[in-house]
Amino acid sequence: MQLLITGAAGFIGFHLCKRMLEDGHTVIGIDNINDQYSINLKFDRLNELGINKEDAEIEDIICHSNIYTNFKFYRIDLTQKNILSKVFSEHKFDKVCHLAARGGVRNSIENTIPYIQSNIVGFDCLLEEVSNRNISHLVYASSSSVYGESSEVPFKTSQIVDKPISMYAATKKSNELMAHVYSHLYGFSATGLRFFTVYGPWGRPDMAYYLFTKAIIDGDPIKVFNKGQMLRDFTYIDDIVQGIVLILESDENINSSYRIYNIGNNKAETLEDFIATIEKHLEKKALKVKLPIQKGDVTKTFADIDNLVDDYGYAPKVSIFEGLKKFVDWYNSYNEDKTNCKSAPTKRG
């Protein structure tokens, strides 16, 4: 299969690229490498896929992996219509997986324009290309944030979700509506995945578990919102990727041309327990500052994944204890490598 993955330098996109390449598929990755969080982390992810930073820093050119012969990368923005069209013209994609987005609930409230531009305008540009090509299936990222403050748990995809409480959530609900329109008009299959609090190695440094780990190690206080009375369906990255792979590698598009699935761990954990697990792996207590809930935050997420289990055999396996152990081990190794690089003596010519 020849596959386009957008957001290839992002957290989920990087892991999906790696998995699909190892499964033997040809992958074309694109990403604009924006500065919402550390671009060095994004370049480091690409380096794991064999893309040199020096090449990836140049926009609009194709970068060839020095590890995977079946991987190529473009640094482009989805709103660059002419360049995006050229990518589609040069490659015959069997399927497209759209993971590129401006992430983060809180930032979307304070800085709305980039979210509209990336998550809505960018997605529309991609939908235009998919609708004009002979592509059988578009799989795209939605979010558990579309459920807002729903009191009906676990969250089911059959629920009405027309009351988002953040701009990020509003853009993700918009994506679902846009995909439905294009799928209906142009006859390709579209599958939306509502991700539930994804965590793990190579994760985003603006996510709570990453911030908690860094602060505890550094001896800094952590901000615990809603005084820790939050429930989250924390989902380890490998379980998320496995769910996406099951859909992409399926020979048939289940039941209809348009589907929405929850993809989570199907278990709600308290934020306090989550923090306590990080403390156990770090063998160090957190200094907690308990604060009220922030605007746009929801108090609970909990995924009903029955449809994804029934249609594709999805089965999350990684507990938060095991998953956070893997994250902490990666965090320590990654930052130790960075420290060693900084402290290494430089050669003088």
Side-chain angles (χ1 to χ4, degrees), residues 2-22 25-93 95-104 107 111 113-130 132-133 135 140-141 201-206 334 337-338 341-342 344 346-347 349:
Q2 185 157 195
L3 180 69
L4 173 67
I5 298 177
T6 72
F11 174 33
I12 301 174
F14 155 70
H15 281 280
L16 181 64
C17 284
K18 196 169 190 296
R19 170 63 187 275
M20 297 305 283
L21 291 167
E22 290 172 351
H25 301 292
T26 297
V27 175
I28 307 300
I30 63 176
D31 200 298
N32 66 358
I33 313 184
N34 65 47
D35 61 357
Q36 183 184 2
Y37 62 85
S38 169
I39 63 171
N40 287 327
L41 175 59
K42 297 177 182 183
F43 284 131
D44 287 342
R45 291 174 183 146
L46 288 174
N47 187 62
E48 291 288 306
L49 299 174
I51 302 297
N52 293 325
K53 179 181 178 182
E54 293 76 14
D55 295 332
E57 284 179 324
I58 304 173
E59 296 184 11
D60 307 344
I61 70 164
I62 189 167
C63 304
H64 296 269
S65 171
N66 55 34
I67 296 176
Y68 298 99
T69 58
N70 50 337
F71 182 57
K72 297 182 179 71
F73 174 78
Y74 292 86
R75 183 178 181 179
I76 66 169
D77 193 289
L78 291 174
T79 60
Q80 296 173 286
K81 289 186 177 183
N82 292 339
I83 301 171
L84 183 63
S85 183
K86 184 179 178 182
V87 173
F88 272 86
S89 297
E90 292 179 352
H91 305 279
K92 183 174 174 56
F93 299 118
K95 298 179 182 180
V96 173
C97 187
H98 174 59
L99 300 173
R102 176 76 60 158
N107 192 45
N111 196 17
I113 299 300
Y115 285 80
I116 299 295
Q117 188 70 6
S118 295
N119 298 7
I120 295 182
V121 178
F123 188 43
D124 187 65
C125 293
L126 183 73
L127 287 169
E128 284 288 329
E129 289 299 326
V130 170
N132 290 327
R133 316 285 173 169
I135 293 169
Y140 64 95
W202 296 100
R204 281 172 35 202
D206 59 336
Y334 179 74
D337 288 344
K338 294 298 175 189
C341 287
K342 289 178 182 178
T346 57
K347 295 181 179 179

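All of these numbers come straight from a predicted model, not from anything done at the bench.
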- Task: Ignoring hydrogens and angles, tell me if any N or O in the side chain of Lys42 forms a donor-acceptor pair with the backbone of Asp35 under 3.5 Å.
- Result: no

- Item | Asn82 atom CG: more than 12 heavy-atom contacts under 6.0 Å | no

- Taking all heavy atoms of Gly104 and all of Gln36, pick out the closest pair and write down the distance. N-NE2, 4.4 Å

- Message: So Glu129 and Val87, do their side chains get closer than 4.5 Å, heavy atoms only?
- Response: no

Quick one: side chains of residues 7-16, donor-acceptor pairs under 3.5 Å with protein atoms, not counting sequence neighbours, listed by atom name and distance.
{"unit_1": "His15", "atom_1": "NE2", "unit_2": "Pro201", "atom_2": "O", "d": "2.8"}

- Message: In the structure I gave you, are the side-chain heavy atoms of Leu21 and Ile67 within less than 4.5 Å of one another anywhere?
- Response: no

- Message: Would the distance check show the side chain of Asn119 and the main-chain N or O of Arg102 forming a donor-acceptor pair, the cut-off being under 3.5 Å?
- Response: yes

- To the nearest 0.5 Å, tell me how far Lys53 NZ sits from Asn47 CG. 10.5 Å

- Which heavy atom of Met20 sits nearest a heavy atom of Val27, and at what distance? CB-CG2, 3.9 Å

- What is the minimum heavy-atom distance between Asp44 and Trp202, and which atoms define it? CB-CZ3, 3.8 Å

- Query: Which heavy atom in Cys17 sits nearest to a heavy atom in Phe71, and how many Å separate them?
  - Reply: SG-CE1, 4.2 Å

- Query: When you measure from the side chain of Tyr115 to the backbone N and O of Gly103, does any donor-acceptor pair fall under 3.5 Å?
  - Reply: yes

- Check step by step if side chain to side chain donor-acceptor pair (under 3.5 Å) holds for Ser38 and Asn40. CA-CA 5 Å; Ser38 169; Asn40 287 327; 4.7 Å; no

- Query: Between the main-chain N or O of His25 and the side-chain N or O of Asn70, is there a donor-acceptor pair closer than 3.5 Å?
  - Reply: yes

- Rounded distance (nearest 0.5 Å) linking atom OG of Ser89 with atom CD1 of Ile83: 12.5 Å

- Item | Nearest heavy atoms of Cys63 and Ile51, plus distance in Å | O-CD1, 3.8 Å

- Shortest non-hydrogen contact between Gly122 and Leu78, atoms and distance: O-CB, 3.7 Å

- Interatomic distance, Lys92 atom NZ to Ile135 atom CD1 [nearest 0.5 angstrom]: 8.5 Å

- Message: Show every side chain to side chain donor-acceptor pair (under 3.5 Å) that has at least one partner inside residues 55-66, sequence neighbours left out.
- Response: Asn52-Asn66

- Trace of the side chain to side chain contact (heavy atoms under 4.5 Å, CB included) decision for Ile33 with Leu46: CA-CA 10 Å; Ile33 313 184; Leu46 288 174; 3.8 Å; yes

- Task: Taking the side chain as every heavy atom from C-beta outward, state whether Leu84 and Phe88 have any atom pair closer than 4.5 Å.
- Result: yes

- Message: If I take atom CD1 from residue Ile30 and atom CG from residue Leu126, how far apart are they, to the nearest 0.5 angstrom?
- Response: 7.0 Å

- Message: side chain to side chain contact (heavy atoms under 4.5 Å, CB included), that's the test. Do Ile28 and Gln2 meet it? Break it down for me.
- Response: CA-CA 8 Å; Ile28 307 300; Gln2 185 157 195; 4.2 Å; yes

- Task: Decide side chain to side chain contact (heavy atoms under 4.5 Å, CB included) for Phe73 and Asp31; before the verdict, give the C-alpha distance in whole Å, the side-chain angles of both, and the deciding distance to 0.1 Å.
- Result: CA-CA 8 Å; Phe73 174 78; Asp31 200 298; 3.7 Å; yes

- Do Lys18 and Leu49 come within less than 4.5 Å of each other through their side chains, counting heavy atoms only? yes

- Task: State, yes or no, whether a side-chain contact exists between Val130 and Phe93 at a heavy-atom distance under 4.5 Å.
- Result: no

- With distance as the sole test, does Asn132 use its side chain to make a donor-acceptor pair with the main-chain N or O of Glu128 at under 3.5 Å? yes

- Item | Aromatic plane relationship, Tyr74 with His91 - under 30° parallel, 30 to 60° tilted, over 60° perpendicular | perpendicular

